[in-house]
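One structure below.
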Amino acid sequence: MKLSLINYFAFNIGWLACVMWAASGQPLVGLLVAGLLIIVHLALAKRRRTEAKLLLYCAAIGTVFDSLLLATGWVSYPNGEWVPGLAPFWIVAIWVLFASTLNLSMAWLKGRIYLAALMGAVGGPLSYLGGQKLNAIYLEQPVPALIALALGWALMMPALSALAQRMNGFEVRTASATVDPVVWSGRGVNDHA
């Protein structure tokens, strides 16, 4: 529980740093903050390689999604372009930060497909609206952009939760079963004695 709370606050600090520094024209500072938070996140993981793969997969998914929004002209980003036509690097950093929540503070969504879809449909667009309020992004065509965001996140959130369930760097895996490290007592999974 304590680690989930820390994770929740770390994500919000990282999100705010990326957005605020991008809005002020210095997106590299937000990237640095996000990078430090991700290093700490991976240091705390029980299975670092597995957790790192999850973060990379989410970074790729996020890059494609936000690049599509950019290509449609529905969204624009004033700072942080690293490759023309691709989502800015600070948005990709936010995707990695978001991925860091999937096995901790957002783990409660695993296996709850409809709730995950609802959370995605509402939370995704709200995050982008927050970025617009802080002048880090612009919804050039707000209605189509918000519809695309809601639909995209409604589909992605359950899929990302399922991916995180498969790639959980914060749980201990044994040869016979997956064991929650908080519950595991050191005895066999099926021992009741």
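The hydrophobic cluster containing L68, built from Ile/Leu/Val/Met/Phe/Trp/Tyr side-chain heavy atoms closer than 4.5 Å, also comprises V64. Residue L5 belongs to a hydrophobic cluster whose other members are Y8, F9, with links defined by side-chain heavy atoms closer than 4.5 Å. Residue I113 is found outside any hydrophobic cluster, as its side-chain heavy atoms come under 4.5 Å of no other Ile, Leu, Val, Met, Phe, Trp or Tyr.
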Between side-chain atoms of residues 128-157 and protein atoms elsewhere (two or more places apart, or another chain), which donor-acceptor pairs fall under 3.5 Å?
residue: Y128; atom: OH; partner: D66; partner atom: OD1; Å: 3.0
residue: Y128; atom: OH; partner: D66; partner atom: OD2; Å: 2.8
residue: Q132; atom: OE1; partner: L139; partner atom: N; Å: 2.6
residue: E140; atom: OE2; partner: S76; partner atom: OG; Å: 2.4

Quick one: side chains of residues 78-86, donor-acceptor pairs under 3.5 Å with protein atoms, not counting sequence neighbours, listed by atom name and distance.
residue: N79; atom: ND2; partner: A22; partner atom: O; Å: 2.6
residue: W82; atom: NE1; partner: A87; partner atom: O; Å: 2.6

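Between the OG atom of S4 and the CZ atom of F170 there is a distance of 9.0 Å, given to the nearest 0.5 Å. Here the CG atom belonging to L109 is positioned 9.0 Å from the OG1 atom belonging to T101, to the nearest 0.5 angstrom. To the nearest 0.5 angstrom, W95 atom CH2 is 7.5 Å from I61 atom CD1. Atoms CG and NZ, from N168 and K46 in turn, are 10.5 Å apart once rounded to the nearest 0.5 Å.
Residues forming a side chain to side chain contact (heavy atoms under 4.5 Å, CB included) with I38 (at least two apart in sequence, or on another chain): L42, L55, V96, L97, S100. Remark: R48 pairs with A45 by the side chain to side chain contact (heavy atoms under 4.5 Å, CB included) rule, at least two apart or across chains. Applying the side chain to side chain contact (heavy atoms under 4.5 Å, CB included) rule to L31 yields the partners L28, F89, A93; only residues at least two apart in sequence or on another chain are considered. Every side-chain hydrogen bond (donor to acceptor under 3.5 Å, both in side chains) that S127 has, sequence neighbours left out, goes to W15. The side chain to side chain contact (heavy atoms under 4.5 Å, CB included) search around V29 returns W21, Q26, not counting sequence neighbours.
Between K2 and I6 there is a side-chain heavy-atom pair separated by less than 4.5 Å. Counting heavy atoms from C-beta outward, L54 and E51 have side chains that approach closer than 4.5 Å. Two residues are said to be in side-chain contact when any heavy atoms from C-beta on lie closer than 4.5 Å; Y77 and L70 meet this criterion.
Within the structure, every pair that satisfies the side-chain hydrogen bond (donor to acceptor under 3.5 Å, both in side chains) test and touches residues 104-126, not counting sequence neighbours, is listed here: N7-S105, N103-K110.
Under a hydrophobic clustering in which Ile, Leu, Val, Met, Phe, Trp and Tyr are joined whenever their side-chain heavy atoms come within less than 4.5 Å, directly or via other members, F98 and L126 fall into the same cluster.
Listed here is the closest heavy atom pair of K53 and M167: CB-CE, 3.2 Å.
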Working for side-chain contact (heavy atoms from CB on, under 4.5 Å), residues M106 and F11
CA-CA 11 Å; M106 297 291 281; F11 167 73; over 6 Å; no
Decide side-chain contact (heavy atoms from CB on, under 4.5 Å) for I94 and V19; before the verdict, give the C-alpha distance in whole Å, the side-chain angles of both, and the deciding distance to 0.1 Å.
CA-CA 9 Å; I94 289 175; V19 170; 3.8 Å; yes
